[in-house]
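Encoded as C-alpha cells, the structure appears first; notes follow it.
A note on names: the letters A, B, ... follow the listed sequences, proteins ahead of strands, and every chain is numbered from 1. Side chains included, hydrogens not; waters and symmetry mates left out as well; all remaining heavy atoms used.
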There are 2 protein chains.
Amino acid sequence: MLSIGDLSKRTGVKVPTIRYYEQMGLIEAAERSEGNQRRYERQDLERLAFIRHARDLGLDIPAIRDLIALSQHPDLPCANADRIAADHLSAVREKIEKLKKLEHELERIISHCDGHSIEDCYVIRALSDHGLCEGEH
Amino acid sequence: MLSIGDLSKRTGVKVPTIRYYEQMGLIEAAERSEGNQRRYERQDLERLAFIRHARDLGLDIPAIRDLIALSQHPDLPCANADRIAADHLSAVREKIEKLKKLEHELERIISHCDGHSIEDCYVIRALSDHGLCEGEH
DNA sequence: CTTGTAGCTCTAGTCACTAGAGGAATTATC
DNA sequence: GATAATTCCTCTAGTGACTAGAGCTACAAG
C-alpha cells in the first residue's frame, strides 16, 4: 500500500497532479486509510505511469481517457487507439510547421537589424509594418 | 474616428480581444463617444496592428509591452528589442526540438502496431511500458 | 508527547483569450 | 420621427492542465 507521496516519487507525477487526475476521472478514487488518506496499489502505479507517459507524448486528457477505456477491452480491434495516436501525430506535425515559419521569420527580422538605435531597429519596424514580412502569418 | 468594430475589421483583432488588450495595458484607454462607446484614431490602428503582428509571431503580452515601451524611445539603442526577439527565437527553437522528438516517437509507436487487437496494440503497450520507448522524455 | 513531515479539502491563480447575460447606444429602414 | 436591427457597454465565468496557498488533520520518529 502506497501513500500518495510514495506514488508521486515512483512515477514522477506531483502529488496535487495525482489528485487532479483523480478528479478528472483518469484514475479511480483511491481507497482510504482510517484517517482518510489515499492508499494505492501496484495497479494504480501502472495506471499513473501510463498517464504520465501519454502526457509526455503530448496527449490531452480526453485522449488519455479514451485510451484507458480502450485498454480495458483487450479483445477489441486497436484501430481506435491507432487513430488517436495518428491524429495527435498530425497535430504535432502542424505545430512544427507553424513554429518553423515563425523561426524563419524571426531569424530574418533579427538578421536585418543593424543593432543601432530603436529608431532604425528592424525588429520594431518589422512589427510596425507588416509589409516588411515574408509570407503570410 | 473608428468604432471598436471598425478597428476590429481593419486589424483582424476581435472586439473582445481589443478590450482585453486595453485592460492589459497594451493600448491606451480609448476616448469615448457621448454614449460611452470607444472611439479610435489612426494611431490606435497602428498600435493594434503592431500587437497583432507580434502575437502572430508568438510573442507574449509582457514581451509586447516591453517592445511598445522601447518603441517610444527612438533614440535608445535597440539591443533590448533584439534580445526580446532573440530570446523568443530560442524558445521557438526549443519547442521545435521537443516536438520533433515527439513526432519521431509517435511515428515509431504507430508504425510498430500491426493494427489487430488492443491486446497486442503497440500504441497501448508502449504507453504502458516505458521500456519500449527510445530516448528519454 | 512533541515535533515535523505529509496528508486532507477548498479556493483561486496561471495565459490569452472567448462566451454569455443583461442592458444601452447607434444606425438603418420605413 | 418611430421602430427595428445591429453594435456597443460592463461584468462574470469558462478554457487546459495544472500550481499555489490557506487552514486543518494524520502519521512517523525520537
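- The nucleotide whose nearest atom lies closest to any side-chain atom of Arg55(B) is, among dC17(C), dC9(D), dG7(C), dC17(C).
- Toward the 5′ end of DNA chain D lies the nearest nucleotide of Lys9(B), the other residue of the pair Lys9(B) and Asp60(A) mapping further downstream.
- Regarding Ile51(A), its CD1 atom lies at a distance of 10 Å from the P atom of dC18(D), rounded to whole Å.
- Taking the nucleotide of DNA chain C with the nearest heavy atom to each of Ile4(A) and Ile61(B), the more 5' of the two is matched to Ile4(A).
- Atom C1' of nucleotide dC8(D) and atom CE of Met1(B) are separated by 16 Å, given to the nearest angstrom.
- Annotation: proximity of residues 40-49 of chain B to DNA chain D (heavy atom, distance under 4.0 Å) is found for no residue.
- For the pair Ser8(A) and Val13(A), the minimum side-chain heavy-atom distance is 4.5 Å or more.
- In this structure, Gln72(A) places its CD atom where more than 12 heavy-atom neighbours from other residues, nucleotides or ligands lie under 6.0 Å away.
- Between the side chain of Arg10(A) and the backbone N or O of Leu45(A), no donor-acceptor pair lies under 3.5 Å.
- Computed from coordinates, the Ile18(B) CD1 to dA16(C) P distance equals 17 Å when rounded to whole Å.
- Within the 4.5 Å cutoff, side-chain heavy atoms of Glu41(A) are placed close to those of Met1(A).
- For Pro62(B) and Arg39(B), each mapped to the nucleotide of DNA chain C holding its nearest heavy atom, the one lying further toward the 5' end belongs to Pro62(B).
- Residue Gln43(B) qualifies as open at atom CD: its count of foreign heavy atoms under 6.0 Å is 12 or below.
- For the residue pair Asp87(A)/Ser90(A), the side-chain donor-acceptor check at 3.5 Å is not satisfied.
- Within the structure, a side-chain polar atom (N or O) of Arg38(B) is placed less than 4.0 Å from OP1 or OP2 of dT10(D).
- Following rounding to the nearest Å, Leu7(B) (CG) and dC9(D) (P) show an atom-to-atom distance of 11 Å.
- For Arg65(B) (side chain) and Met24(B) (main-chain N/O), a donor-acceptor pair under 3.5 Å exists by modelled atom type.
- If you check residues 19-34 of chain B against DNA chain C, the residues with a heavy atom closer than 4.0 Å are Tyr20(B), Tyr21(B), Ser33(B), listed by number.
- Between Gln37(A) atom CD and dG7(C) atom P there is a gap of 7 Å when expressed in whole angstrom units.
- Within the structure, every side-chain polar atom (N or O) of Ser3(B) is placed at least 4.0 Å from both OP1 and OP2 of dT26(C).
- Atom CZ of Arg42(B) is surrounded by 12 or fewer heavy atoms from other residues, nucleotides or ligands within 6.0 Å.
- Proximity of Thr17(A) to the phosphate of dT19(D): a side-chain N or O atom is located under 4.0 Å from OP1 or OP2.
- A distance-only check finds a donor-acceptor pair linking the side chain of His88(B) to the backbone of Leu57(B) [under 3.5 Å].
- Put simply, the side chain of Asp6(A) gets close to the backbone of Ser3(A): a donor and an acceptor are under 3.5 Å apart.
- A heavy-atom distance below 4.0 Å to DNA chain D is reached by none of the residues of residues 85-97 of chain A.
- Without hydrogens or angle criteria, Arg125(B) side chain to Cys113(B) main chain gives no donor-acceptor distance under 3.5 Å.
- A donor-acceptor pair is defined here as one N or O able to donate and one able to accept, closer than 3.5 Å; such a pair exists between the side chain of His53(A) and the backbone of Ala126(B).
- Between Gly35(A) and Lys14(A), the residue whose closest nucleotide on DNA chain D is further toward the 5' end is Lys14(A).
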